[in-house]
Amino acid sequence: MNTSVIPTTDPTKAATQGAAIIRAGGLVAFPTETVYGLGANGLDGAAVDRIFEAKGRPNDNPLILHVSRKEDAFPLWSGEPPFARQLMDTFWPGPLTLIYYRSAIVPDEVTAGLDTVAVRMPDSEAARALIAASGVPIAAPSANLSGKPSPTTAEHVLQDMDGRIPLILDGGPCRYGVESTVLTLVGAPTILRPGAVTKEMLAAVLGEVSLAPSVLAPLGAGEKAASPGMKYKHYAPNAQVLVVVGEAEAAARRLSALYDEFTAQKKRVAIAATKEALPFYGDRRTALMGTRRDPATLCSRLFALLRELDASSDVILSEGVGTEGTGLAFMNRLLRSAGFRVEYV
Ligand code: AMP
Ligand code: MG
């Protein structure tokens with residue numbers, strides 16, 4: 001299959017071309033403000049199956065349905081989820097996914113057989129134009145091969161999906177660079193995956209919000225994942241990733257020592273660094289992620305950096321930070337990409 005890439009500079013034209021494929025049961029990769037999505041008609045089980053095939057995604061890992069208007073979310077749920085209206089008024093369109101009991105129109109392929117469904121209204125104009133022109137909710141996971149870092153540019157999508165899908169809409173780099181916050185409204189509101197809508201922001205609306213244990217820790221043997229996506233190897237480049245969490249200078253000293261050990265073993269090493277720690281690495285090979293003062297900058301560079309460094313490194317050493325605010329989303333992705341190999345100094 002030949003994969004075309006077209007820009008979203010003319011959003012109507014891009015949406016029209018994409019929608020024709022979606023309505024015919026095909027796949028279209030499209031930009032959102034979080035990461036690039038790989039979309040199919042969310043009400044057509046056979047179309048949704050093609051997403052799993054193209055990504056090599058385990059079919060017990062459910063997908064998020066994307067809508068272009070708030071009112072289109074309600075027919076996908078059975079009944080109105082508690083807090084849904086306040087949350088939608090505060091955070092939609094935007095990087096917050098809401099989970100509640102599914103209605104009968106949602107195919108099993110989307111929910112992987114669960115009795116709940118995840119729904120989000122993206123803020124990206126190009127994404128909403130595509131959904132609106134398609135006239136159906138679009139089921140979309142991230143547009144990477146299963147297990148790889150999520151794509152934050154159309155070029156990343158092409159690396160993973162060339163020849164597997166007919167069309168990629170190119171909207172440039174994604175604003176946030178990490179996937180949406182996933183919040184379940186079944187029982188006490190619980191964050192299954194952190195994102196740019198932070199725990200603190202949700203608590204301001206909900207009063208109280210819990211965090212699923214799998215957000216920062218690997219699943220224990222026999223433990224059941226609240227979100228099936230959490231049980232898989234995730235966001236991992238081919239290179240081995242190691243994380244050191246600590247204050248800038250202390251982390252840099254430990255990472256420099258590790259760098260020298262791996263270099264002595266003839267490994268190609270790179271350090272993913274924060275601006276604050278950069279002066280402490282001497283002439284070791286570093287790549288700047290962003291600043292500790294605003295972990296959102298770390299989020300937006302993380303996946304792109306893992307892909308860039310992967311080509312030239314056997315080992316990627318990364319600084320970790322605290323889990324306040326968007327630091328939680330950053331650490332959730334970074335620890336998974338490292339297979340939870342982490343040191344605290
Ligand atoms: P992706 O779009 O690739 O980031 O994948 C969507 C994420 O949402 C995965 O981690 C899924 O496990 C999670 N998810 C989607 N639907 C549900 C659901 N009904 N219950 C729990 N988690 C879900
Ligand atoms: Mg994904």
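We count ligands from 1, going down the list as the structure has it; atoms in each ligand are counted the same way.
Listed by number with element, the atoms of ligand 1 under 4.0 angstrom from any heavy atom of Ser142 are 1 (P), 2 (O), 3 (O). Residue Ala118 has at least one heavy-atom neighbour below 4.0 Å for each of these atoms of ligand 1: 15 (C), 16 (N). Here is the list of ligand 1 atoms found below 4.0 Å of a heavy atom in Leu114: 18 (C), 19 (N), 20 (N).
A heavy-atom separation below 4.0 Å is not found between Thr111 and ligand 1. A heavy-atom separation below 4.0 Å is not found between Arg102 and ligand 1.
Within the coordination shell of the Mg ion (ligand 2), defined by N, O or S atoms under 2.8 Å, Asn144 is absent.
Not one N or O on the side chain of Ser142 forms a donor-acceptor pair closer than 3.5 Å with the backbone of Asn144. Arg293 places no side-chain N or O within 3.5 Å of a backbone atom of Glu276 that could act as its donor or acceptor partner. When atom types are taken as modelled, the side chain of Ser313 and the backbone of Asp310 share no donor-acceptor pair closer than 3.5 angstrom.
Between Leu317 and the choices Leu242, Val243, Val244, Thr286, the side-chain contact (heavy atoms from CB on, under 4.5 Å) rule is met once, by Leu242.
Residue contacts with ligand 1, taken as heavy atom pairs separated by less than 4.0 Å, involve Leu63 solely via the backbone atoms N, CA, C and O. Neither the backbone nor the side chain of Thr97 comes within contact range of ligand 1; no heavy atom lies under 4.0 Å. In Ile99, the part holding a heavy atom less than 4.0 Å from any atom of ligand 1 is the side chain.
At least one test fails for Arg285 against the ring of Tyr259: distance under 6.0 Å to the centre or angle within 45° of the axis.
The aromatic rings of Phe303 and Tyr235 lie tilted to each other, with the angle between the two planes from 30° to 60°.
Proximity annotation for atom 9 (C) of ligand 1: of Thr32, Thr116, Asn61, Asn61 comes nearest, heavy atoms only.
A distance of 6.0 Å or more separates the ring centres of Tyr36 and Phe30.
Considering backbone and side-chain N/O atoms, Glu179 never comes within less than 3.5 Å of an N/O atom of ligand 1.
Judged by distance alone, the side chains of Arg193 and Ser180 do bring a donor and an acceptor atom under 3.5 Å apart.
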